[in-house]
Structure formats: structure tokens, C-alpha cells
Amino acid sequence: MSEKPWLFRTYAGHSTASASNALYRGNLAKGQTGLSVAFDLPTQTGYDSDDPRSRGEVGKVGVPVAHLGDMRALFQDIPLDQMNTSMTINATAPWLLALYIAVAEEQGADIAALQGTVQNDIIKEYLSRGTYILPPQPSLRLITDVAAYTGKHLPKWNPMNVCSYHLQEAGATPEQELAFALATACAVLDDLKVKVLAADFPAMAGRMSFFVNAGIRFVTELCKMRAFTALWDELLETRYGITDPKFRRFRYGVQVNSLGLTEQQPENNVYRILIEMLAVTLSKNARARAVQLPAWNEALGLPRPFDQQWSLRMQQILAYETDLLEYDDLFDGNPAIDRKVAELKSQALEELAQIDAMGGAVAAIAYMKGRLVEANAERLARIETGATTVVGVNKFTTTEPSPLATGEGAIMQADPQAEADQCERLARWRKQRDAHRVAEALAALRQAAQSGENIMPASILCAKAGVTTGEWAGAMRALYGEYRAPTGVSQNPSNRTEGLEPVRDAVAAVATKLGHPLRLLLGKPGLDGHSNGAEQIATRARDCGIEITYDGIRLTPQEIVTAATEKQPDVIGLSILSGSHIPLIRETLDLMQKAGLTQPLVVGGIIPDDDAKTLKAMGVAQVYTPKDFQLNRIMLDLVALADPAPVAAQKAPWSVRHSAMASP
């Protein structure tokens, strides 16, 4: 008899709560069996939609949720007691869960019956995704507050998805993905253990889930999942003394790899996605509990509902048309699989021991970040040299034009009016709420945070009182301060020198003309935390002899221009992947003009062709997109732009996703 298939999800959300609600209901009607909510960057980083730092970011990479009214609209006509909802939210996870609970109560749901997940993995945010707010210790406190609260009141809820997905997107090797994720889980369990009764701890540990990645090397990825399953079971038994096997189950959801989606010949991505899905579905004993697949055209821009449907149909065909679910595990006893699993376990345990020796995941954040940047540099170098084949990118590049990727409507365009509409609704919300009730709720929130009480009851009180996302996060910022995570970019050159000699010679020649080292200032304006591409540009520039200034993510245009005024770089490079490139670049150029800065400005990101033309018309010297993967060619472009007697820079003609200043 066939077993029940995994949950089918689509990671979705855009523009407004009402538009996202229509998308969710449409996907559910097509056979999707769980929801996966994507929030916009202001919501993820704790700003209201009308905050100046939110300008250009509202509704771009997900749905804006600024208050209870937005959450109510997001789930209108969707019975939450019948849903399994995954919310990809981290720094503001307690707040979004509070809003979700408040809406469920309004619907008359039994809160104890709610099923779903908040990602709630802030350590991964420091390492790869960048939507953190607070320093590590108070962030860890909020994670375990959620776990303790859900353990008592929402026993079917997963309070944390330890997220190795973004680690792989940032370049992690399989053994790094295993070790860094397990180290994160241990940090949370160690903090949780002192907050709950010893008798309750095993069940709460059993509610911890994982969210993983699956890349194109699907046999290795399948082995990685079998290794994850075994390591988690062993770790819970030996380190935490959990004897009941049901609490040691490795429960995970997955989104397959976005890192390998290519802008060139994007139709090939359909096959990549399908093959990667096999890694997390073929092995019964290590099969995902929930799967969400990216759309084939995400390297080009926002996928349309049809593109999401295509990915959903892949899952449904595998689950319902094939005989996969009729069989026991296909790989038990396979000697090749067993050898690879043992190798991955050994390497992961060695890396985990190194992190433990440093004091655990929180103490090892800078170490892990540096390891990721270096691993990603090695990955890109293999693609550049052809050691790693990427079909349609560095091999088999002769192609017919794709009818799927051309013409009007080939990618979805966010509603240009959505931000203004959202801000108007937010203003009305503030005007109509009870200001006295809001003030009392915020005072109770501050008291809970200062006293060490669990933050969830006060957060739910705030949700019901009409407090906004920015006000909740503002209270946390005021108490704990904000954090700047390490960039992972060392000032010391690496030992990767092969193929760099011509670029180094060119850099030295221009430096002689300039009378000082060639200087590059890199910045990430806006709230986008995807820093992989900027890190790789900084790393390669450093190795080529360029003097770099890179202060990390989430800078305002004014901060970038102030740094440029102080450092006087020869070229300025900005990386933006959230879709807000036009307003942010326009503001930066205006500020540069006012400051009398005339340096050439180059921009990288997920930038459609029409937007690239707009940016160049505004005065941008070069635009790089995911297809520009030859970093040495980009370095020569920068050298040419800095040359006092310039030769027109030649744009690099090839690329793969997430290189240049475009990153996942």
C-alpha cells in the first residue's frame, strides 16, 4: 500500500496581503497541501512599510505584514486550523507567530491544534541570509522563548526550522552544511534545556525541524540526507540523553537549489529542479516531510502563477503517477551509498568538533562565515575554469532562442502602486486603533523583555492591541541594540593565484598611473541581505591587488556616499537583489552628485534587461546580472573604469547565477 506523500508547498508572497491571499487560494485549489509564506524585507527586518529604510522594498520579495489587519487579510477564507503553514521568518519570528495566533483565535480555531513552522534560525541569518536585527544572545533568547511557548500551547507547531538551505546557497560544502546546521541546533537546545522542565525537554527537542537544500549532485545530496538523519539521531541520544526514538526523528522540509539556476538557457532549470527533488524523495528513510520547488525562471525575475504551477505539478506527478511511494527504502544496504554516508558523517563530525572547541555556534560565527566565503570562492573558481560543468553556461552554449523566456509577461512584475497603497493602509490603521491600548501593550512588552519573562504572551497582547511590526521590533532594538555580523571577507589575500597574473599586472599598471592603490568601494544599499556576490567580488578584487572597502549589508545610500567621500575610491560597486535597484540607485546617484563625487558606479543584481537600460540611462557605468560569472573579466572592467586614460570596459559575456554582484 502506498504511503502518504509529503506536503506540497510553494514559497510565495508579493505586493500586498490581499494579492498574496489570492495567490495562496489559487495554489491550494491546484492541489498544494501546505502554505509557505514569503515576507518582504521590511517585515523580515522589523521595519514598518512607511519607514524611510523600507522605501523601494515593500512587497518586492514577499508580502508586507505590518499589523494584525495585514495578517487577517493574508489568511482571509483560509481556515488556519486546517492548514500546515510554514513562515520563513527569523528576526521577527515571535512577532509574526503572535499575529498568526491572534488571527487563528479570531477565526475560532483551537490554538493547540495549529500546525506549521516558523523558521526562527537567526544564526543562519548571521552567516548567509542577513535579515538579523539583534545580537546573538538576545536573539537566542527569543528563539527559545518561542520554543518554550509553543511546547506548552501549540504542541503540533515546529518552533524552529534549523535552516541549512541558505548555507548551501552561500557556498557550503555538504559536510559544512551538516556541521553548521547541527551546531546551530545544539546552541538552541542548550539554551532551551535550562528554560523547561527536564521531563518536557525530549518532546520539545522532538519538535525541532530542519529546512535543507538539495543541489544537482543528487547522489551526494541523497547521502547527505541519510547522514543528517543518522547524525541527528546519534546527537540527541548521546549529547542530550533522549532515549525515545520518536523524539529523535530527523524531520525536514526542503527547497531544492536556487544557486544553480541559470539565466542562460533557463529552460534547462526545469530538469535541474526535477533531478534535485529526487535527492530528497527517493530514499524513504530520509525523505522530506515537505517539499517546495523554485520556479525555472527565478534567475530572470519574479515567477508567474503558471511557473509556480509547473513546479507544483512536478511534485504531484512524482508522488501520484509513479510507484515511488509503494516501496521500502531503495538504498538500504547499498555499499556505495553506505561508504559516502560514512564519509560525510566523519567529515561533518570533525567540523562540528572544531566548532565545539571554539565554544559552539554563537562563538564560531566569524569562523563559519569565513569558511563559507572561501568555499563559495572555490566553487566559483571551478566554474570559471571549466572544472565544474554548467550546461549552457561554460559548456554547450550554442542555443536556440527560448520562446519561454522572451516577450511581454515572461516574468511577473510587482504592482508599482503596491507600496503606496500599503503605506496608506498602515496610516489608516494607526489612526483607527486605540492609542492608549497600544501604549499599554508596548509597556508590557518592554517589561517582559527586561524581566526575562517569555516574550510570546506580551507579543500576542501587542498583536491584538494593534501594535505594528516596526513598533514591536523598535522595542527590541531599544533594549538590546542592533548587530553587525562579520562579512567573512579577510583583508589577507588567499593562496588562489592561478589565472590572476594578467589582472594583477593591469591593476598594478593603473595604480601607477593613479599614484595610489586602485580602490574599490562595495556596498549593499537597502534591506537586501544576500551578500554572496558582493563578498565574491570583494574577495577576488583583494586577490588581484585592489584595495577594497566593504562594510557589509543593509547600508543606506547616504552611508555609502559618506563612505565614498571619506575613502575616495576609484570605482563604486553596488549589489541589490531585492528588485529595488532603480529607486536605490537613483537616490545614490543624486547623493553622489550633491557630494561632488564623479567616480564610475557599477551595479549587480537580478536586473531585467529593460531595467538595465534604465540604470545606464541614469548614469550607471556597468550592469552585471547572474549571467556574468567570469570574475576576472569583471575585474578587468573595473580596472578599465578606474584608468585615468580609460579604454571602454568590455562587459563579461558569460555567467551563472549568484556570481558577480548578483547573489542568491
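Nothing here was measured: the structure is a model prediction, and the numbers come from that model.
Separating the SG atom in C163 from the CG atom in D121 is a distance of 6.0 Å, to the nearest 0.5 Å. How far NZ of K464 is from CD1 of I460: 6.5 Å, rounded to the nearest 0.5 Å. Atom CG of L96 sits about 10.5 Å away from atom OG of S459, to the nearest 0.5 Å. Here S49 contributes atom OG and E57 contributes atom CD; the two are 11.5 Å apart, rounded to the nearest 0.5 Å. Atom CG in L527 sits 9.5 Å away from atom CD1 in I553 (nearest 0.5 Å). One finds the CG atom of N213 at 9.0 Å from the CG atom of L167 (value rounded to the nearest 0.5 Å).
For the pair V212/M225, a side-chain contact is recorded, criterion being any heavy-atom separation below 4.5 Å from C-beta on. Proximity of P136 to I123: side-chain heavy atoms (C-beta onward) are nowhere separated by under 4.5 Å. Within the 4.5 Å cutoff, side-chain heavy atoms of Q44 are placed close to those of I89. Side-chain contact check for V162 versus F210: some heavy-atom pair is nearer than 4.5 Å. Using a 4.5 Å heavy-atom threshold, the side chains of Q119 and E125 count as touching. Residues L445 and M476 meet the side-chain proximity criterion, which asks for heavy atoms closer than 4.5 Å. Here the side chains of H166 and F211 are not in contact, with every heavy-atom distance at 4.5 Å or above. D191 is not listed as a side-chain neighbour of I143, based on a closest heavy-atom distance of 4.5 Å or more.
For K340 and E343, the salt-bridge test passes: some basic side-chain N is under 4.0 Å from an acidic carboxylate O.
Shortest non-hydrogen contact noted between Y47 and S54 is CB-OG, 3.5 Å. When all heavy atoms of A449 and L479 are compared, the pair lying nearest together is CB-CD2, 3.3 Å. Among all heavy-atom pairs drawn from A279 and E221, the shortest one is CB-CB, 3.7 Å. The shortest heavy-atom contact between P493 and R542 is CA-NE, 3.5 Å.
Pairs passing the salt bridge (charged side-chain N to carboxylate O under 4.0 Å, His left out) check and including a residue from residues 134-143, sequence neighbours excluded, read R141-D145.
There is a side-chain donor-acceptor pair under 3.5 Å between T43 and D40. For the residue pair Y165/S258, the side-chain donor-acceptor check at 3.5 Å is satisfied. Side-chain atoms of T144 and K195 form a donor-acceptor pair, as typed in the model, at a separation below 3.5 Å. In this model, no donor atom of one side chain and acceptor atom of the other lie less than 3.5 Å apart for S346 and E350. In this structure, a donor-acceptor pair under 3.5 Å is absent between the side chains of W472 and T92. Counting only N and O atoms by type, the side chains of N161 and T117 include no donor and acceptor under 3.5 Å apart. Between the side chains of E169 and N532, no donor N or O sits under 3.5 Å from an acceptor N or O. Side-chain atoms of E453 and S451 include a donor-acceptor pair closer than 3.5 Å. Using modelled atom types and a 3.5 Å distance limit, the side chains of R207 and T150 yield no donor-acceptor pair.
For M204, the side chain to side chain contact (heavy atoms under 4.5 Å, CB included) partners at least two apart in sequence or on another chain are L192, V196, D200. By the side chain to side chain contact (heavy atoms under 4.5 Å, CB included) test, A473 pairs with I133, R477, sequence neighbours left out. With sequence neighbours excluded, no residue satisfies side chain to side chain donor-acceptor pair (under 3.5 Å) with D551. Checked against side chain to side chain donor-acceptor pair (under 3.5 Å), D233 has the following partners two or more places apart in sequence or in another chain: R248. Listed by chain and number, the residues in a salt bridge (charged side-chain N to carboxylate O under 4.0 Å, His left out) with R554 amount to none (sequence neighbours excluded). By the salt bridge (charged side-chain N to carboxylate O under 4.0 Å, His left out) test, E175 is found to be paired with no residue, residues two or more places apart in sequence or in another chain being considered. The side chain to side chain donor-acceptor pair (under 3.5 Å) search around E276 returns none, not counting sequence neighbours. Residues meeting the salt bridge (charged side-chain N to carboxylate O under 4.0 Å, His left out) test with R9, sequence neighbours left out: none. Checked against salt bridge (charged side-chain N to carboxylate O under 4.0 Å, His left out), E234 has the following partners two or more places apart in sequence or in another chain: K345.
The backbone N or O of F250 lies less than 3.5 Å from no partner atom in the side chain of T229, so there is not a single donor-acceptor pair. Under the 3.5 Å distance criterion, the side-chain polar atoms of Q115 are left unmatched by any main-chain donor or acceptor of K156. No donor-acceptor pair closer than 3.5 Å links the side chain of N84 to the backbone N or O of G34. Between the side chain of T10 and the main chain of A12, no donor-acceptor pair closer than 3.5 Å is present. Here the side chain of D48 pairs a donor or acceptor atom with the backbone of G470 at under 3.5 angstrom. Put simply, the side chain of N90 gets close to the backbone of N120: a donor and an acceptor are under 3.5 Å apart. Side chain of Q292 to main chain of Q255: no donor-acceptor pair is present (N/O by atom type, distance under 3.5 Å, no hydrogens or angles). Put simply, the side chain of T468 gets close to the backbone of E471: a donor and an acceptor are under 3.5 Å apart. In this structure a side-chain-to-backbone donor-acceptor pair under 3.5 Å is missing from R55 to L584. Proximity of a side-chain donor or acceptor of T243 to a complementary backbone N or O of E237 within less than 3.5 Å is not detected.
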Donor-acceptor pairs are to be reported for all side-chain atoms of residues 177-187 against protein atoms at under 3.5 Å, with residues two or more places apart or in another chain.
from	atom 1	to	atom 2	distance (Å)
E177	OE1	Q168	NE2	2.8
E177	OE1	K224	NZ	2.8
E177	OE2	S164	OG	2.7
E177	OE2	K224	NZ	3.1
T184	OG1	F180	O	3.0

Which pairs of donor and acceptor atoms, one on a side chain in residues 363-374, lie under 3.5 Å apart (sequence neighbours left out)?
from	atom 1	to	atom 2	distance (Å)
Y367	OH	E351	OE2	2.5
Y367	OH	R371	NE	3.4
K369	NZ	L127	O	2.9
K369	NZ	E535	OE2	2.7
R371	NH2	E351	OE1	2.5
E374	OE1	R496	NH1	2.9

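Under the 30°/60° scheme for interplanar angles, the aromatic rings of Y132 and Y126 are found to be tilted.
Other residues, nucleotides and ligands contribute over 12 non-hydrogen atoms within 6.0 Å of the CD atom of E482.
For F228 and Y252, the ring centers sit 6.0 Å or farther from each other. The aromatic ring centres of W157 and Y100 sit less than 6.0 Å apart.
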Exercise. Please report the C-alpha distance between L154 and I111 in whole Å, then the side-chain angles of each, then the deciding distance to 0.1 Å, and finally whether the side-chain contact (heavy atoms from CB on, under 4.5 Å) criterion is met.
Key: CA-CA 6 Å; L154 286 79; I111 300 305; 3.6 Å; yes

